[in-house]
Amino acid sequence: MIDWAYTLAGAFTGFVIGLTGVGGGALMTPILLLFFGIAPTTAVATDLWFAAITKIAGARIHHTNGNVDWQVVKRLWAGSLPMASLTVLLISMGAHIVKIEWLTKGIGIIVLITATGLLVAPKLIAFSKRKQIGQPERFETMQAVLTVLAGAIIGVCVALTSVGAGVLGSVMLLYLYPLRITPHRLVATEIVHAIPLAIIAGLGYLFAGMVDGAMLVSLLIGSIPAVIAGSKLASKIAGQWIRFALAVVLAAAGLKVLL
């Protein structure tokens, strides 16, 4: 049976993903925890597959528009995919790193950090531009290394909490590529980067039987048409207003999870 409450939550999150590249974990996981009372491990496991499948639908639109920066995606993958795979391997071997209390707090903290990053994004971009213009050769030399490192951090976060691919990645790329990544390219690049990352991170949870298939189907019924709509509207809405609204929602969700 389809649960239409899940479908509505999926539609809301899918639209935000298509519009901003953010929301697969940062919105859906807190929604599952707070509004539906889902166990943290089940929420993380199901959300990883929700994010992967939803973003496949959105990625097609963004790729068709030519907004994906494939060089940046490959650099992120170089760090994120190996670290996500290692984390999943440790989990499948029984490593005690996914305790419920720790996992819930970890999700809340990452969401709060991301909300703060989104709010200060304009200052972050301005600071990064000054660094790149003032020391272009040094900045460019470090770009590739720091992007791989950023990917590694994101890979661990996504494998443990399902949060990070869009939210943390967006903040990191705003700093690392202030002159190269436009808002629309940022959205597209983060969506494409997140797809194999979510699949790899989700495999361990899937084999462990933690994914709620019925809930996933209900979520996807809402998210797939919504992410397509959001992706088509992405180029028509001012990014700063979306970023501000999303930061407020994320801050409220993060505080609610922690408190």
Side-chain angles (χ1 to χ4, degrees), residues 1-64 88 91 98 100 103-104 107-108 110-111 158-167 187 190-192 194-234 237 242 245-246 249-250 252-254 256-257:
M1 294 291 292
I2 297 171
D3 189 320
W4 294 106
Y6 287 134
T7 300
L8 181 61
F12 169 70
T13 307
F15 185 77
V16 173
I17 291 172
L19 205 59
T20 68
V22 174
L27 284 180
M28 182 51 69
T29 300
I31 286 172
L32 293 178
L33 292 173
L34 298 175
F35 295 101
F36 296 103
I38 304 300
T41 49
T42 302
V44 170
T46 306
D47 181 47
L48 285 167
W49 287 99
F50 163 81
I53 297 170
T54 299
K55 288 183 177 182
I56 288 173
R60 181 178 180 85
I61 304 297
H62 287 287
H63 175 63
T64 300
V88 169
I91 293 172
V98 192
I100 290 176
L103 186 56
T104 302
I107 291 169
I110 292 174
V111 170
V158 169
L160 290 178
T161 69
S162 81
V163 181
V167 289
V187 173
E190 276 305 329
I191 286 178
V192 171
I195 293 170
L197 176 57
I199 292 173
I200 288 176
L203 284 174
Y205 293 101
L206 180 66
F207 293 145
M210 297 179 184
V211 178
D212 188 323
M215 178 170 66
L216 177 60
V217 170
S218 295
L219 292 170
L220 291 173
I221 288 174
S223 70
I224 291 177
V227 74
I228 293 172
S231 297
K232 290 184 177 180
L233 284 174
I237 298 179
I242 297 172
L246 186 59
V249 172
L250 291 178
K256 183 66 175 178
V257 169

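The first residue in the sequence is number 1, and the count goes up from there. Values reported hereafter were calculated over all heavy atoms of this structure, with side chains retained and with hydrogens, waters and symmetry mates removed. Given the structure is predicted, the values throughout are model-derived calculations rather than measurements.
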Okay, side chain of S218, backbone of T7: is any donor-acceptor separation there less than 3.5 Å?
no
One should read off an interatomic distance between I224 CD1 and L219 CG, to the nearest 0.5 angstrom, of 10.5 Å
How many angstroms lie between CG in L8 and OG1 in T13, if you round to the nearest 0.5 Å?
9.0 Å
What's the shortest heavy-atom distance between L33 and A43, and which atoms?
CD2-CB, 4.1 Å
Residue among T46, D47, I221 satisfying side-chain contact (heavy atoms from CB on, under 4.5 Å) with L216
T46
Heavy-atom closest pair, residues A52 and A198
CB-CB, 3.8 Å
Partners passing side-chain contact (heavy atoms from CB on, under 4.5 Å) against P225 (at least two apart in sequence or in another chain):
none
Correct closest heavy-atom pair for I191 and K55 would be CG2-O, 3.5 Å
Verify side chain to side chain contact (heavy atoms under 4.5 Å, CB included) between L19 and V187, making sure each step is shown before the conclusion.
CA-CA 7 Å; L19 205 59; V187 173; over 6 Å; no
Just to verify, what does T54 make a side-chain contact (heavy atoms from CB on, under 4.5 Å) with, not counting sequence neighbours?
I17, F50, L220, S223, V227
Taking every non-hydrogen atom, the tightest pair across Y205 and A45:
CB-CB, 3.4 Å
Do you know the tightest heavy-atom contact between A59 and I195?
CB-CD1, 3.7 Å
Go through the structure and list residues passing side-chain contact (heavy atoms from CB on, under 4.5 Å) with F36, not counting sequence neighbours.
A5, Y6, A9, I31, L32, I38
Would you call R60 and I56 a side-chain contact if the rule is heavy atoms closer than 4.5 Å?
no
Looking at every heavy atom in both A11 and A226, which two are closest together, and how far apart are they?
O-CB, 3.1 Å
